[in-house]
Every structure is written in structure tokens, then in C-alpha cells.
Q: 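Right, I'll just put the structure down here and ask away after.
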Protein chains: 2
Amino acid sequence: MYVPTIKDVAKAANVSVATVSRVLHNLSGYSDKTKQKVLQAIEELGYHPNAIARGLINKRTQTIGVLFPNVSSGFSSEILHGIEEVAHEKGFSVIVCNTAEDGKRTMKYLQVLREKQVDGIVFTSEVLKDEYYQALKEMSIPVVLVNTQSHKHMIPYVKVDDRQAAYQATAYLIEKGHREIAMISGHLWDPIAGAPRMEGYRQALEDHGIEFLESRVAYGDFHWESGRRAMESLLAEAPSFTALFAASDEMAIGAMGAVFEKGMRIPDDLSIIGYDDLTLSKSVFPPLTTIHQPLAQIGCLASDKLIALIEDSQNVSSSIVSHHIVERQTVRSKG
Amino acid sequence: MYVPTIKDVAKAANVSVATVSRVLHNLSGYSDKTKQKVLQAIEELGYHPNAIARGLINKRTQTIGVLFPNVSSGFSSEILHGIEEVAHEKGFSVIVCNTAEDGKRTMKYLQVLREKQVDGIVFTSEVLKDEYYQALKEMSIPVVLVNTQSHKHMIPYVKVDDRQAAYQATAYLIEKGHREIAMISGHLWDPIAGAPRMEGYRQALEDHGIEFLESRVAYGDFHWESGRRAMESLLAEAPSFTALFAASDEMAIGAMGAVFEKGMRIPDDLSIIGYDDLTLSKSVFPPLTTIHQPLAQIGCLASDKLIALIEDSQNVSSSIVSHHIVERQTVRSKG
DNA sequence: AAGTTTTACGTAAACGTTTACCTAAATAAA
DNA sequence: TTTATTTAGGTAAACGTTTACGTAAAACTT
């Protein structure tokens with residue numbers, strides 16, 4: 001299979017490879033006439049530069065790696081979309097990695113990305129274990145964290161203020177007249193999406209003089225099934241409540257299913273507010289009131305930051321992006 | 001930033017680079033003693049092979065490119081998950097591309113993938129324009145199509161039999177006693193997901209002696225919003241019907257919203273069957289009865305096929321994967 | 001007209017591997 | 001013992017670019 005190289009072009013145009021390279025990069029140092037010859041040769045031979053060879057010499061691959069715990073979740077895929085969008089704009093390709101929240105696998109990916117000489121990495125939605133950090137550090141390329149952060153190390157991140165967002169969600173319910181508010185939380189050992197949201201919930205309760213009841217909270221893993229189960233147990237065992245804050249839209253929607261199955265209505269019998277604002281949240285019925293995280297935008301920002309770091313290598317700022325409540329139809333004013 | 005190369009390892013171990021390369025690849029031609037020396041040098045220096053240099057010489061990058069019209073859809077991301085899974089298993093990385101159904105952009109991606117020397121490409125869920133085919137052909141690397149196919153050219157594909165699946169969906173509704181069945185279809189100029197599903201629907205009607213009414217079908221673009229609009233117009237203008245077949249789950253869910261808003265119940269007042277079986281379809285309420293397409297499996301299969309093609313280069317079989325109806329709670333037996 | 005600067009190129013090394021080919025020593029076969 | 005074969009290892013070319021450096025001609029200066 002014959003594929004023309006820059007040498008073939010040079011030969012065909014009767015110039016040196018240096019000259020071809022120069023016209024390819026719009027550098028100076030050739031007459032208009034030779035430029036035409038070269039362009040014509042390129043055209044005729046159907047020449048396409050080889051980015052691998054290019055990468056070898058400039059030590060730049062124009063490629064970034066992105067790690068997700070689960071690529072196929074509505075959550076991840078929206079972030080990916082954002083990342084890909086600006087990466088493409090800026091001339092970078094993105095390699096996706098699905099860690100499956102597995103340490104071994106993550107390390108394997110990190111090694112692959114290293115060998116493939118990616119120019120930067122974005123690490124999303126998982127806590128950055130020490131092991132990962134070491135590997136990343138050894139690679140000495142820029143990294144940005146998305147929807148997670150490292151308290152131990154200075155690594156730029158972009159995320160929402162979880163504690164505050166949870167606070168607002170809860171406060172919103174309170175404003176609407178609810179005082180008996182249950183929560184479906186992530187696990188407390190999750191320092192990113194677990195504990196902080198719970199704290200926001202507690203704080204809001206406390207600030208409004210409402211007693212916090214451990215018995216009104218159930219725990220899940222952010223996914224649909226766990227939300228459903230959590231709701232069932234809440235309905236069965238918790239002191240009565242008129243509103244629910246779920247730490248993820250998926251869990252909120254799982255909870256809604258459980259509620260409907262009991263023959264109750266939303267928001268008439270129970271108000272629910274979610275967290276994330278996945279695309280699907282506006283399509284369920286009734287459309288879910290929730291905390292909007294600008295996922296695509298988070299992806300864009302992360303990509304932007306990473307590429308700035310790659311190209312400049314100074315600058316280590318993080319971003320707290322702003323969330324807001326999107327009012328749809330699962331919360332009702334009470335009293 | 002110092003990064004050790006194979007030469008450094010060779011020097012440290014007092015052998016030639018050839019020997020280092022040999023132990024790296026488990027070839028023969030060295031004693032156990034030298035092997036140990038080399039391994040130790042690798043360890044001490046923290047050496048990691050450079051896949052770019054490797055790629056340059058073996059003309060293999062162990063990377064594939066995947067094109068999606070929209071990476072963030074529940075549909076695409078599940079396929080991606082499957083693709084990534086087996087690619088990773090077999091030692092390949094995947095570069096994702098979001099074509100946004102834009103010709104210019106697609107061509108740009110194709111060029112990038114070519115320059116980056118990917119070993120193969122999977123092209124999903126869009127019709128393969130001639131322009132794309134030419135570009136692909138020039139690259140002379142394996143390609144597999146997913147959820148699409150080319151009647152004009154021999155390119156392996158993996159997809160479901162759309163016509164048959166639509167037939168079964170409609171027949172299922174008929175079996176359940178429905179005779180007045182509306183459809184929300186994709187656009188008929190879509191030769192993959194549009195026309196064939198409509199044909200299946202018509203055929204099923206005809207085979208059961210039911211008259212096909214153009215007025216009972218509305219058109220959408222497979223997305224939620226269009227499903228909602230289509231349903232509204234059906235409800236307002238179509239002859240009455242007791243069941244609906246939607247050509248995508250998203251449209252089915254959009255339709256459900258419109259139905260609920262009119263105060264009607266599902267499946268009591270109207271039965272609905274969707275198409276795709278997205279993850280979200282089991283979490284809406286009531287859970288959607290639908291045609292299951294094994295999306296992740298389709299991805300796996302495509303990846304498998306592509307890599308086989310890359311490694312062997314013979315073998316051009318396509319696969320029609322089997323769909324099936326998953327009965328949930330949106331269809332009711334009538335009469 | 002002579003010197004100076006600029007323009008338009010070409011040459012060749014370098015990037016980090018793999019691998020074909022070569023050689024010398026060790027081992028086996030006769 | 002001599003010859004043939006295998007083993008252990010080295011040398012250097014090749015992959016397709018980029019770019020520092022060199023040089024002759026052309027274009028300005030004065």
C-alpha cells in the first residue's frame with residue numbers, strides 16, 4: 001500500500017523536503033512559484049502529513065486523554081461532549097477511557113496514555129487516589145480534575161460548589177413551605193458528592209430551625225435503582241415528610257417511580273428536587289425540578305484550561321462554576 | 001524535562017538497544033542474566049516505551065477512531081461504552097469524534113484521523129455520504145458501520161433489522177387487541193431509521209387486515225422534543241387511536257409527556273411502545289415497553305469486527321443483531 | 001561599484017523505536 | 001578433532017517529519 005511522504009512530494013516538485021515542510025506550515029523562505037509547484041505536487045500525489053512522525057519530533061501529539069468512571073452515563077457523556085467540542089476547536093483529539101471505578105484498570109489507562117504521549121489528561125468524577133496522583137506526576141503533563149478535587153495536592157479543578165448547591169436545594173424546599181424534608185444522599189465516605197451535599201442539607205435545615213432527623217435520610221450510589229430502593233425504605237420507615245431532596249437526578253427519578261407505584265402523586269403528595277439536571281430530567285413526567293449543573297460547560301471549561309496549560313504551562317487556577325435551580329413541576333408550594 | 005529512552009536503558013544496562021528491545025518484547029536472543037540487568041535498568045530509570053516512535057516504525061498506532069452524530073445522547077454513549085470496552089481489552093485506544101451531523105466537520109475529523117494514522121474507524125448512526133466513502137477509501141484502513149449501512153458499497157456493518165423490528169412492535173400492539181394504531185416515525189428520507197421502520201409498521205398493519213391511515217402518522221427527528229410535538233398534533237388532528245408506536249424511545253417519552261399533560265393515562269387510555277430500549281426507558285414512569293436494541297453489544301461486536309479486520313484484513317461479514325420486545329408497563333391488553 | 005542585508009532555498013541531524021543482518025562464542029554433531 | 005548449528009548480542013538503517021545551519025543569488029545601501 002503506497003502512501004506518499006513528504007519526500008515524494010519534494011521529489012515531484014523538485015525541491016527539498018525542507019521547502020515542502022515550509023509551505024506546509026506557512027513559514028517563509030520560498031517564492032510564490034515554488035509554493036505553487038509544491039501545492040500541485042501535494043494535490044497530485046494526494047499527500048497527507050503523518051502526525052505520528054510529527055509527534056515524534058515535536059514531542060506533541062495534539063491529543064488529550066479523558067478518564068470517566070462510566071462513559072455511558074448521561075452525566076459523563078454530557079461532560080465528554082463539552083470536552084470534545086473545545087478540544088476539536090483547538091486542534092486536539094480526545095481518547096476516552098472508562099475506568100469502571102477500578103483501580104487496576106485506571107492505572108492501566110494511565111500507562112497507556114503515557115506511552116501514547118498524550119499532552120494532557122482530564123480526570124473526572126472520581127476521587128484521585130494517591131496511586132493515580134503519583135502516576136500522573138511522573139508523566140509530568142498537565143492534568144485537570146472535573147467534578148472532583150484534591151485537597152492534598154494543587155491540581156486545578158472545575159466543579160460546582162456541592163455544599164452550597166445542596167444548601168440551596170434544601171432552602172428552596174423550605175421556602176416553598178416544607179418543613180418535613182427527607183433526603184436521599186450519596187454515601188458519606190464520598191468526599192465529593194456524598195458528604196458535602198449532606199452537609200448542605202443539614203445546614204439549611206439548621207439555619208431554618210428545623211430539626212435534622214437521621215431517620216429521614218436514606219443512602220444510595222447516585223444511580224436509579226438505588227434511588228428507588230432508598231425511596232421505598234423511606235416511605236416504609238421514615239417519619240412522614242412532604243418533600244425530598246435527592247443527591248442526583250437519577251436517584252430522584254428512581255424515587256419518583258417508587259412514589260408512583262404507591263399510588264401517590266407528584267408534586268401533590270410529595271415534592272421532589274433533584275441534582276444534576278441531566279437531559280433526561282426535563283423529559284420525564286412530571287418534569288423534574290432540580291439543581292442545574294452546567295455539565296457541557298464544565299467540560300468546555302476543563303478542556304480550555306487543560307489546553308491553556310499544555311500550551312503555556314503556567315496558570316493553575318481552578319473554577320467553581322455556578323449552579324442554579326431550574327423550576328419544573330415536581331415541587332409544589334405548601335400552605 | 002528528562003525522559004529516559006531505550007538508549008538510556010541500554011547504556012545503563014551495558015547492552016545494545018536491540019537487546020533492550022528484545023527483552024521488552026519477550027523475543028529470544030539474550031541470557032537470563034542480561035535480562036535481569038535490563039529489567040533492573042528499566043526499573044531504576046523509570047523507563048516507559050514511547051508508542052509514538054513505535055507507531056512510526058510499525059505503522060500501527062493501536063488506536064481506532066469512532067464517529068458519532070452526537071456523543072452525548074444516551075444512544076451513542078452506550079454504543080461507545082461497548083466499543084471502548086473491547087478495544088481496551090484488545091490493546092486499542094479510542095478517539096471519539098462528534099460529527100454533529102455536519103458534513104464539513106465530519107470531513108475534518110476524517111482528515112485528522114487519517115493524519116493521526118488510526119488503524120481503523122467505526123462510523124455510527126448516520127448515512128454514509130459518498131464524500132465520506134471516498135475519504136475512507138483513500139485511507140485504506142478497515143471501517144465498520146454501526147446502525148447504518150451502505151447499499152452502494154461493501155462495508156461491514158452491525159445493526160438490527162429495523163424493518164422487522166418495527167413490524168414486530170406493531171404486530172405486538174395488534175396482538176394485544178389494538179386496531180387503531182398511530183405512529184411517530186422518523187423522516188422518510190432517512191434510509192436507515194426512517195423509511196424501514198415505517199415500512200415495518202405498514203406491513204404489519206396490512207398483514208393483519210388493518211387499513212393504513214397517513215393521518216395517523218406524525219414525523220419527528222428521533223429526539224424528545226419532536227416526539228412531544230408529534231404527539232400533540234396526533235392528539236389534535238388524527239383519527240382516534242388506542243395505541244402508538246414511536247420510532248425511538250426518546251420520542252416515545254416525549255409523547256408520554258404530551259399525553260399526561262392532556263390528563264390521559266398510560267396505558268389505560270393509550271398504549272405506547274418505543275424503540276431502542278435506552279437506559280432511561282426503564283426509569284421513567286410507567287416504565288416503557290419497547291424494542292430492545294442491544295446497544296452495548298452492538299458496540300462490542302463492531303469493535304471486535306474492526307480489530308479482526310485490522311489484524312487480519314480478510315473477512316468482511318456484517319451482523320444483524322437480534323432485537324426483542326421488552327414488556328414493561330406502557331401497553332395494555334385490550335378487549 | 002562595492003559592501004550589506006535579505007531571500008530562497010538545500011543538507012543533514014534528530015526524535016525513539018524496530019529489525020534485518022552480521023559476528024563471535026558456545027554447543028552439538030560427525 | 002573438525003565442522004555445523006545454535007545462542008547471545010551488536011550495528012545501523014529505516015520510519016516521516018522538523019529545524020538549525022549553511023550558502024548562493026538577489027535586492028538594497030551608500
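Here is the naming used below: chain letters follow the sequence lines, and residue numbers restart at 1 for every chain. Only this structure's heavy atoms are used, side chains among them; waters, hydrogens and symmetry mates stay out.
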Q: Specify the separation, in whole Å, of atom CZ of B:Arg60 and atom P of C:dT17.
A: 19 Å
Q: Where do A:Ile64 and A:Ile310 land on the side-chain contact (heavy atoms from CB on, under 4.5 Å) test, with the steps shown first?
A: CA-CA 10 Å; A:Ile64 64 178; A:Ile310 290 170; 3.9 Å; yes
Q: Within the sub-3.5 Å range, which N or O atoms of nucleotides 20-22 of chain D have a protein N or O partner, and how far apart are they?
A:
none

Q: Donor-acceptor pair, B:Thr19 side chain versus B:Val15 backbone, under 3.5 Å?
A: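 Side chain of B:Thr19 to backbone of B:Val15, a donor-acceptor pair under 3.5 Å: no, none is there.
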Q: Pull out every protein N or O sitting under 3.5 Å from an N or O of nucleotides 24-26 of chain D, one pair per line with the distance.
A:
none

Q: From CG of B:Leu24 over to P of C:dT19, roughly how many Å is that when rounded to an integer?
A: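 So the CG-P distance, B:Leu24 to C:dT19, works out to 12 Å.
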Q: Nearest 0.5 Å please: distance from the CG atom of B:Leu27 over to the CZ atom of B:Arg22.
A: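 That separation rounds to 8.0 Å.
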Q: Measuring only between side-chain heavy atoms, which start at C-beta, is A:Thr124 closer than 4.5 Å to A:Asn147?
A: no
Q: Any side-chain donor paired with an acceptor under 3.5 Å for A:Gln40 and A:Gln36?
A: no
Q: Just verifying a value: how many Å separate A:Glu78 CD and A:Thr279 OG1, rounded to the nearest 0.5 Å?
A: 4.0 Å
Q: For the backbone of A:Cys300 and the side chain of A:Asp304, can you confirm whether one donor and one acceptor N or O come within less than 3.5 Å of each other?
A: no
Q: Please report, rounded to the nearest Å, how far the P atom of D:dA8 is from the NZ atom of B:Lys35.
A: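 In whole Å, D:dA8 P and B:Lys35 NZ are 12 Å from each other.
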Q: In whole Å, I'd like the distance from the OH atom of B:Tyr47 to the C1' atom of C:dG16.
A: 7 Å
Q: What is the nucleic acid contact for B:Ser21, judged by heavy atoms within less than 4.0 Å: base, sugar-phosphate only, or nothing?
A: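 B:Ser21: base contact, heavy atoms under 4.0 Å.
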Q: Contact class for B:Ser28 vs. all strands (heavy atom < 4.0 Å): base, sugar-phosphate, or nothing?
A: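 Answer is nothing: B:Ser28 stays at 4.0 Å or more from every strand.
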Q: D:dC15 P sits how many Å from A:Asp8 CG, rounded?
A: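 My rounded result for the distance is 10 Å.
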Q: I want to verify a distance call: between D:dT18, C:dT17, D:dG9, whose nearest atom is closest to the B:Ile6 side chain?
A: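 The answer is C:dT17, which lies nearest to the side chain.
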Q: From C-beta outward on A:Thr5, which listed nucleotide comes closest to its side chain: D:dG10, C:dT17, D:dG16?
A: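 Output: D:dG16.
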Q: Nearest 0.5 angstrom please: B:Asp190 CG to B:Phe222 CZ, how far?
A: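 One gets 5.0 Å once the value is rounded to the nearest 0.5 Å.
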Q: Can you tell me how far apart CZ (B:Phe123) and CG (B:Leu136) are? Round to the nearest 0.5 Å.
A: 8.0 Å
Q: If you take any heavy atom closer than 4.0 Å to DNA chain D, which residues from residues 48-58 of chain B end up in contact?
A: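 Only B:Leu56, B:Ile57 qualify.
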Q: In whole angstrom, what separates B:Lys7's NZ from D:dA12's C1'?
A: 11 Å
Q: Distance check needed: C:dG16 P versus B:Ile42 CD1, whole Å only.
A: 16 Å
Q: Does a side-chain N-to-carboxylate-O contact under 4.0 Å join B:Lys90 and B:Glu311?
A: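 Result for this pair is no, no salt bridge flagged.
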Q: Whole-Å distance between C:dT19 C1' and B:Lys59 NZ?
A: 14 Å
Q: Side-chain contact, heavy-atom cut-off 4.5 Å: B:Ser77 with B:Val71?
A: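 No - every pair of side-chain heavy atoms lies 4.5 Å or more apart.
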Q: With side chain to side chain donor-acceptor pair (under 3.5 Å) as the test, pick out the partner of B:Thr99 among B:Glu126, B:Arg105, B:Lys108.
A: B:Glu126
